[in-house]
Amino acid sequence: MASVSRIIRQTAPVLVAPSSTLPWAASSGLRRCTVASSSTFRRNGGGSRNFSHTRNWRSVAIPATTRGGSKLFKSADDAVADIPSGSVLLSSGFGLCGIASTLIAAIRRRGPDSLHSLTAVSNNAGAEGRGGLALLTENGQVDRMIMSYLGANKTLERQYLTGKIAVELCPQGTLAERIRAAGSGIPAFFTPTGGHTLVQEGAIPVRFDADGKVVEYGKPRETRVFNGRPFLMETALHGDVAILRAWKVDKAGNCVFRYTTKSFGPLMAKAAKISIVEAENIVEVGEIDPEDVDLPGIYIDRIVPATEKSQVEILKTRAEENPKGAKVGRSDALVRRNRIARRAAKELKHGFYVNLGVGIPTLAPSFLPAGEQVWIQSENGILGMGDYPLPDKVDADIVNAGKETVTLVPGAATFDSSESFSMIRGGHVDVSILGALQVSASGDLANYMIPGKVFKGMGGAMDLVSNPDNTKIVVATEHVAKDGTSKIVQDCSLPLTGARVVSTIITDLCVFEVDRAHGTLTLTEIAPGLSVDEVRSKTDATFAVAKDLKEME
């Protein structure tokens, strides 16, 4: 292992339970695993350090483009015909929303004999058997994925676990910022996202062999402290070719995107040697008002007509008579979920900007008092997200972070992913409500991985909890897991999403307030008909009881 790996692994804080709980950890412990990496730090005479990490890319020679020539190509097949094997491919979109489906189909048609060994960079790998990069991974054309979320792609998961594809998981906001940095000529930056997690350690498996043994881990991050907080150094993420989809493109390459289709498109176009856009509408130069241009033509090299239709990944609608989309009924599960959501709604004050995780957190606005409004932020690029649409109002270009069809409220705004995570990391969001696999007495949160069972990726969760002093982090979850074990623990045994980040825990049984500085819990509210002893019997963590203990509604 390179010297930096030894140094960081010896000095980094303990991030999870003993390594014996991790199925990929060597018997001698996580910190002593051998990493197939060329990462090194080399001291110069002047005391500066050069960061070298070359194993991530196999950037290749890309055909040069000629300024002044036409950017129009007859077809997507013509536009991708000279992409060489081994290229780093930046693929825009979020789920199936905004993906360059026409260009992906053309790349697939070239086949693995003609185009292979791609390093594909995307938020996720599309939908299995339906679209997105899944069509290329299933076709054997991708060797490495750099992404934030695997999702429900079982084929990709199998390929990953059997060594056919390497997968580098990167927090969603960090992924966006790495791409943005590449397009801006910035070689590296420091971010709070991922501190005290396996990302910092470089301990997430990247590649297995055919027998399921880890042969490559991620790279440890250099860490520095600014204003008393740890920050990780992340490097720019360059591409050889970017493929994106836009609603309208003029012949000079100026692009206009619709709603949430702009999540990664503008960023990736700026970070690649050659950027190819498929356009739903190609217009003459001058037909797009300069004020409407989302991406200037300087970043676009090739334009092709989009021939594949936009797809809806997860269709969600509501009935006219149920305008808030709230679920009704008296099943025990629904009563528990509604109790959590009703209490979570009290964390949302009029005019607040809030981010809601998938599942129970999304129910909270349904319980807001009449006349109160909050601005819901969705990390894929919405501020002012509304309810699910009526069946006849579905728009494939408006989806939430769960890839579900949604609507926009009056006054809403849409933007790219770097803008979205600037809001999040910068502390401009008032409250973020997330689910949890585990949450500890000191406010540690684990919600993206169960080693050996669940390995879907962190998505934007690490970014959402990266600024807990300015954005209040609330966990809304059922008190116990399906196997009856407590989710409220003294210390998390699962890999952390964030350390000492949670301020309030809301479950179907009670409410805890967390003293993050001292690492203690206080029971402040309890469900009707429940005793403190019953709460203790189902809670792994120790806690104090407030003198004015209240009853939950």
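Heavy-atom basis, side chains included; hydrogens, waters and symmetry copies ignored.
Side chain of Thr362 to main chain of Gly359: a donor-acceptor pair is present (N/O by atom type, distance under 3.5 Å, no hydrogens or angles). At distances below 3.5 Å, not a single donor-acceptor pair connects side-chain atoms of Asn467 with backbone N or O atoms of Thr471. Here the side chain of Ser275 pairs no donor or acceptor atom with the backbone of Asp301 at under 3.5 angstrom. Side chain of Thr235 to backbone of Ala188: no donor-acceptor contact under 3.5 angstrom is found. Arg110 contributes a side-chain N or O that, together with a main-chain N or O of Ile83, makes up a donor-acceptor pair within less than 3.5 Å. Here the side chain of Thr261 pairs a donor or acceptor atom with the backbone of Arg258 at under 3.5 angstrom. Proximity of a side-chain donor or acceptor of Ser417 to a complementary backbone N or O of Ser263 within less than 3.5 Å is detected. For Ser122 (side chain) and Ala125 (main-chain N/O), no donor-acceptor pair under 3.5 Å exists by modelled atom type. Distance alone, capped at 3.5 Å, places no donor-acceptor pair between the Ser184 side chain and the Ile186 backbone. Not a single donor-acceptor pair under 3.5 Å links the side chain of Asp430 to the backbone N or O of Val354.
Proximity of Leu136 to Leu89: side-chain heavy atoms (C-beta onward) are separated by under 4.5 Å at one or more points. Residues Tyr353 and Gln377 form no side-chain contact, since every pair of their non-hydrogen atoms from C-beta on lies 4.5 Å or further apart. Inter-residue side-chain proximity for Thr260 and Phe94 is flagged as unmet; no heavy-atom pair is nearer than 4.5 Å. The shortest distance between side-chain heavy atoms of Glu284 and Lys251 falls below 4.5 Å. The shortest distance between side-chain heavy atoms of Met458 and Val199 falls below 4.5 Å. In this structure, Ile165 and Met145 have side chains that are in contact, with non-hydrogen atoms separated by less than 4.5 Å. Here the side chains of Arg180 and Phe421 are not in contact, with every heavy-atom distance at 4.5 Å or above. By the 4.5 Å heavy-atom criterion applied to side chains, Leu244 and Met268 are not counted as neighbours.
With a 6.0 Å radius and a threshold of 12 heavy atoms from other residues, nucleotides or ligands, Lys164 has its NZ atom at or below the threshold. Residue-environment remark: CG (Leu315) exceeds the threshold of 12 foreign heavy atoms within 6.0 Å. Within a 6.0 Å radius of OH in Tyr259, no more than 12 heavy atoms belonging to other residues, nucleotides or ligands are found.
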message: Set out, in order, the CA-CA distance, both residues' side-chain angles and the distance that settles side-chain contact (heavy atoms from CB on, under 4.5 Å) for Glu313 and Val399, then state yes or no.
response: CA-CA 9 Å; Glu313 185 164 347; Val399 301; over 6 Å; no
task: Apply side-chain contact (heavy atoms from CB on, under 4.5 Å) to Asn400 and Ile376, showing your working.
output: CA-CA 10 Å; Asn400 63 14; Ile376 299 177; over 6 Å; no
query: What's the verdict on side-chain contact (heavy atoms from CB on, under 4.5 Å) for Gln172 and Asn123, showing C-alpha distance, side-chain angles and the deciding distance?
result: CA-CA 7 Å; Gln172 188 180 149; Asn123 180 66; 3.2 Å; yes
task: I would like to know whether Gln159 and Glu138 meet side-chain contact (heavy atoms from CB on, under 4.5 Å); could you show each step before the answer?
output: CA-CA 9 Å; Gln159 290 175 310; Glu138 293 164 7; 5.5 Å; no
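Annotation for Val406 and Ile382: closest pair CG2-CD1, 4.3 Å, computed over non-hydrogen atoms. For the residue pair Ala79 and Ile276, the shortest heavy atom distance occurs at O-CD1, 3.6 Å. Closest approach of Ala396 and Cys97 over heavy atoms only: O-SG, 3.6 Å. A pairwise comparison of heavy atoms in Pro389 and Val394 identifies CG-CG2, 3.8 Å as the closest pair. Contact between Val465 and Gly498 at its shortest, heavy atoms only, is CG2-CA, 4.1 Å. Closest approach of Ala446 to Pro495, counting heavy atoms only: CB-O, 3.3 Å.
In this structure, Glu216 pairs ionically with Arg144, as a charged nitrogen and a carboxylate oxygen lie closer than 4.0 Å. Taking 4.0 Å as the cut-off between side-chain N and carboxylate O, Lys154 and Glu128 do not count as a salt-bridged pair. Salt-bridge check for Arg229 with Asp469: failed, with every basic side-chain N at 4.0 Å or more from each acidic carboxylate O. Between Asp416 and Lys270 there is no salt bridge, since no side-chain N of the basic residue sits under 4.0 Å from a carboxylate O of the acidic one. Ion pair Glu177/Arg425 flagged as a salt bridge, since at least one NZ, NE, NH1 or NH2 atom sits closer than 4.0 Å to an Asp/Glu carboxylate oxygen.
In summary, the side chains of Arg245 and Ser101 do present a donor paired with an acceptor at a separation below 3.5 Å, with no hydrogens or angles considered. Side-chain atoms of Tyr388 and Glu404 form a donor-acceptor pair, as typed in the model, at a separation below 3.5 Å. Side-chain contact annotation: Thr497 with Asn447, donor-acceptor N/O pair under 3.5 Å present. For the residue pair Glu379/Asn355, the side-chain donor-acceptor check at 3.5 Å is satisfied. Side-chain polar atoms of Asp463 and Thr193 form a donor-acceptor pair below 3.5 angstrom.
The CD1 atom of Ile99 sits 5.0 Å away from atom CD1 of Ile104, with the distance rounded to the nearest 0.5 Å. The NZ atom of Lys403 sits 8.0 Å away from atom CG of Asn380, with the distance rounded to the nearest 0.5 Å. Taken to the nearest 0.5 Å, the CG atom of Leu90 stands 9.0 Å off from the CD1 atom of Ile146. Taking CG from Asn254 and CD1 from Ile298, the interatomic distance works out to 10.5 Å, rounded to the nearest 0.5 Å. Rounding to the nearest 0.5 angstrom, the gap separating the CG atom in Leu267 from the OG atom in Ser92 is 10.0 Å. Interatomic distance, Thr307 OG1 to Lys309 NZ, rounded to the nearest 0.5 Å: 11.5 Å.
Between Arg221 and the choices Glu234, Gln200, Glu201, the side-chain hydrogen bond (donor to acceptor under 3.5 Å, both in side chains) rule is met once, by Glu234. When Val293, Ile300, Val283 are each tested for a side chain to side chain contact (heavy atoms under 4.5 Å, CB included) with Asp250, only one passes: Val283.
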